[in-house]
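Notes for the one structure printed next.
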Amino acid sequence: MDAVLGAARSKGSSGGEENANDGVEEILNIQKAIDFIDETVHAGPITHIYIRELHRLVVSGLRREGDLTPGAYRLGEVAIGGAKHQPPFPSDVLDSMSALIAFANVEVEPHKQLLQSAIVHHRFLWIHPFGNGNGRVSRLLTYAMLVKQGFTATSGYRALNPTAVFGADRAAYYDNLERADALDNDGIVAWCTYVLTGLKTDLLRLTSLTDGDFVVTRLLHPAIERLRDSGRLTASEAAALRVVAQKTVVKAGDLASALPGSPSTRSQAIRKIVDRGLLIPLENSPRSYRLAFAPNDLTVHIVHQLDALGFLPTILRNDPL
């Protein structure tokens with residue numbers, strides 16, 4: 001999910017296949033940058049070289065969303081579309097970034113660390129040190145700080161997810177950034193409140209995904225019904241998947257009520273579901289099955305249900321604000 005935030009601007013734009021390929025490459029670049037952070041962020045302090053490498057990784061090889069000087073601070077003036085703020089002159093970028101980096105590396109008390117990350121995110125965009133790609137680098141820098149501070153993991157679901165915060169409502173994101181651009185106390189407090197509220201909301205969503213009843217009744221069962229309503233599942237197949245969702249792991253006999261008939265008939269029906277990638281046998285127990293969450297016919301309906309439940313940032317949608 002983190003990789004999509006930077007590339008979402010590609011949606012809804014003209015340019016055909018070339019822009020589509022550029023968008024895919026942008027997502028891959030951001031994932032490379034995330035991997036780089038996961039592997040290196042604990043090795044030392046954040047530096048100019050570190051931030052410039054993040055930029056190089058995210059813009060390399062891109063046309064529409066690239067930069068003529070990957071990994072280098074800008075040498076010309078820039079304007080931020082739709083914003084009143086005018087970033088510092090190129091001659092001031094290095095000193096401004098040095099001050100930002102010094103602040104980012106200050107060891108603060110744990111209850112102030114998220115405030116520190118929020119302030120760094122805004123001030124980075126205020127400086128706008130690169131010709132292009134500043135938004136992507138700012139979100140990656142925020143992610144790096146959250147990992148460094150121990151607030152989120154480098155594997156599995158990232159508990160504090162900048163994408164979920166900054167992409168949840170693009171209008172609110174830009175409005176709060178603009179409020180903070182004056183660098184007065186009220187604007188900075190409003191920005192930090194916006195960021196911390198978003199992080200809290202993301203954590204509450206994560207907590208709900210650890211609730212088995214919520215996952216089964218509010219996510220998986222509705223997604224299965226959507227797939228059945230689309231004509232891609234028979235009633236008996238849908239009933240079988242609901243049983244698997246409820247039990248997590250099943251054997252063929254557990255599906256007798258959903259797939260009536262002889263054991264041979266049931267095995268054939270299960271094999272069809274497995275062949276479609278909706279069920280997967282357990283490696284250590286090939287006669288036991290669980291739902292498959294790799295891309296398959298059910299995946300799109302799970303994503304739609306996550307969206308209906310408010311889990312997906314609006315930036316992932318095609319409709320521009």
Side-chain angles (χ1 to χ4, degrees), residues 2 5-6 30 32-59 67 69-74 85 87-131 133-155 158-163 165-166 173 176-177 180-185 187-196 198-200 202-203:
D2 303 282
L5 181 56
I30 296 173
K32 290 176 185 176
I34 290 171
D35 292 340
F36 170 75
I37 291 170
D38 291 347
E39 294 168 3
T40 63
V41 74
H42 292 296
I46 292 170
T47 64
H48 288 284
I49 292 174
Y50 196 86
I51 292 173
R52 289 165 64 172
E53 178 63 9
L54 291 178
H55 181 256
R56 187 192 68 79
L57 287 169
V58 296
V59 301
D67 192 309
T69 55
Y73 292 146
R74 60 183 169 87
H85 168 63
F89 291 113
S91 57
D92 295 327
V93 167
L94 184 60
D95 286 345
S96 296
M97 285 300 296
S98 294
L100 171 75
I101 289 168
F103 177 75
N105 286 313
V106 170
E107 290 190 15
V108 301
E109 297 167 274
H111 67 281
K112 297 179 181 178
Q113 288 176 338
L114 291 178
L115 292 171
Q116 181 187 32
S117 296
I119 292 170
V120 167
H121 183 99
H122 168 263
R123 191 59 62 90
F124 179 93
L125 290 175
W126 189 90
I127 298 169
H128 234 65
F130 300 107
N134 292 282
R136 282 162 281 171
V137 177
S138 70
R139 290 181 281 269
L140 287 165
L141 180 57
T142 300
Y143 170 67
M145 290 190 66
L146 293 176
V147 174
K148 202 172 186 65
Q149 293 165 346
F151 284 106
T152 192
T154 58
S155 62
R158 292 170 170 88
L160 293 185
N161 184 350
T163 298
V165 179
F166 304 133
Y173 176 53
N176 280 285
L177 278 173
D181 282 344
L183 304 184
D184 58 26
N185 288 340
I188 297 298
V189 169
W191 165 254
C192 290
T193 300
Y194 160 76
V195 174
L196 267 63
L199 292 173
K200 178 183 177 182
D202 192 43
L203 280 174

Item to check | Gln116 side chain to Val106 backbone, donor-acceptor under 3.5 Å | outcome: yes

Next on the checklist: Once rounded to the nearest 0.5 Å, what's the spacing between atom CZ of Phe124 and atom OG1 of Thr142?
Outcome noted: 9.5 Å

Checklist outcome for this item: CZ of Arg56 to CG of Leu54, rounded to nearest 0.5 Å, is 10.0 Å

Checklist entry - Hey, does the side chain of Asn105 reach the backbone of Ile46 with a donor-acceptor pair shorter than 3.5 angstrom? => result yes

Item to check | Residues Asn176, His122; criterion side-chain hydrogen bond (donor to acceptor under 3.5 Å, both in side chains); working and verdict | outcome: CA-CA 9 Å; Asn176 280 285; His122 168 263; over 6 Å; no

Checklist outcome for this item: The reported gap from CG in Asp35 to CD1 in Ile37 (rounded to nearest 0.5 angstrom) is 9.5 Å

Checklist entry - Looking only at heavy atoms, which two atoms of Gly131 and Asp67 are closest? And how far apart? => result N-OD2, 3.3 Å

Checklist entry - Any side-chain heavy-atom pair from Pro110 and Lys112 closer than 4.5 angstrom? => result no

Next on the checklist: I'd like to know if the side chain of Arg74 and the backbone of His128 have a donor-acceptor N/O pair within less than 3.5 Å.
Outcome noted: yes

Item to check | Non-hydrogen atoms of Cys192 and Leu115 that approach each other most closely | outcome: CB-CD2, 3.7 Å

Checklist entry - Asn134 side chain to Leu125 main-chain N or O, any donor-acceptor pair under 3.5 Å? => result no

Checklist entry - Say you draw a straight line from CG of Asp95 to CD1 of Ile127; how long is it, rounded to the nearest 0.5 Å? => result 10.0 Å

Checklist entry - Is a side-chain N or O of His55 found less than 3.5 angstrom from the main chain of Phe130, in a donor-acceptor match? => result no

Checklist outcome for this item: Correct closest heavy-atom pair for Ser117 and Met145 would be OG-CB, 3.6 Å

Checklist entry - Are any of the side-chain heavy atoms of Phe166 and Leu177 separated by less than 4.5 Å? => result no

Checklist entry - According to the interplanar angle, ranging from 0 to 90°, do the rings of His121 and Trp191 count as parallel (below 30°), tilted (30 to 60°) or perpendicular (above 60°)? => result parallel

Checklist entry - Is there side-chain contact between Leu141 and Tyr50, with heavy atoms separated by less than 4.5 Å? => result no

Checklist outcome for this item: d(Leu140 CG, Glu53 CD) to nearest 0.5 Å is 11.5 Å

Checklist entry - Is Val120 close to Ile101 at the side-chain level, that is, under 4.5 Å between some pair of heavy atoms? => result no

Next on the checklist: For Ala144 versus Val41, what's the shortest heavy-atom pair and its separation?
Outcome noted: O-CG2, 3.5 Å

Checklist entry - Can you check side-chain contact (heavy atoms from CB on, under 4.5 Å) on Val147 and His42, steps first, answer last? => result CA-CA 8 Å; Val147 174; His42 292 296; 3.7 Å; yes

Next on the checklist: I need the Lys32 NZ to Phe36 CZ distance, nearest 0.5 Å.
Outcome noted: 13.5 Å

Checklist outcome for this item: Correct closest heavy-atom pair for Leu114 and Gln149 would be N-OE1, 4.4 Å

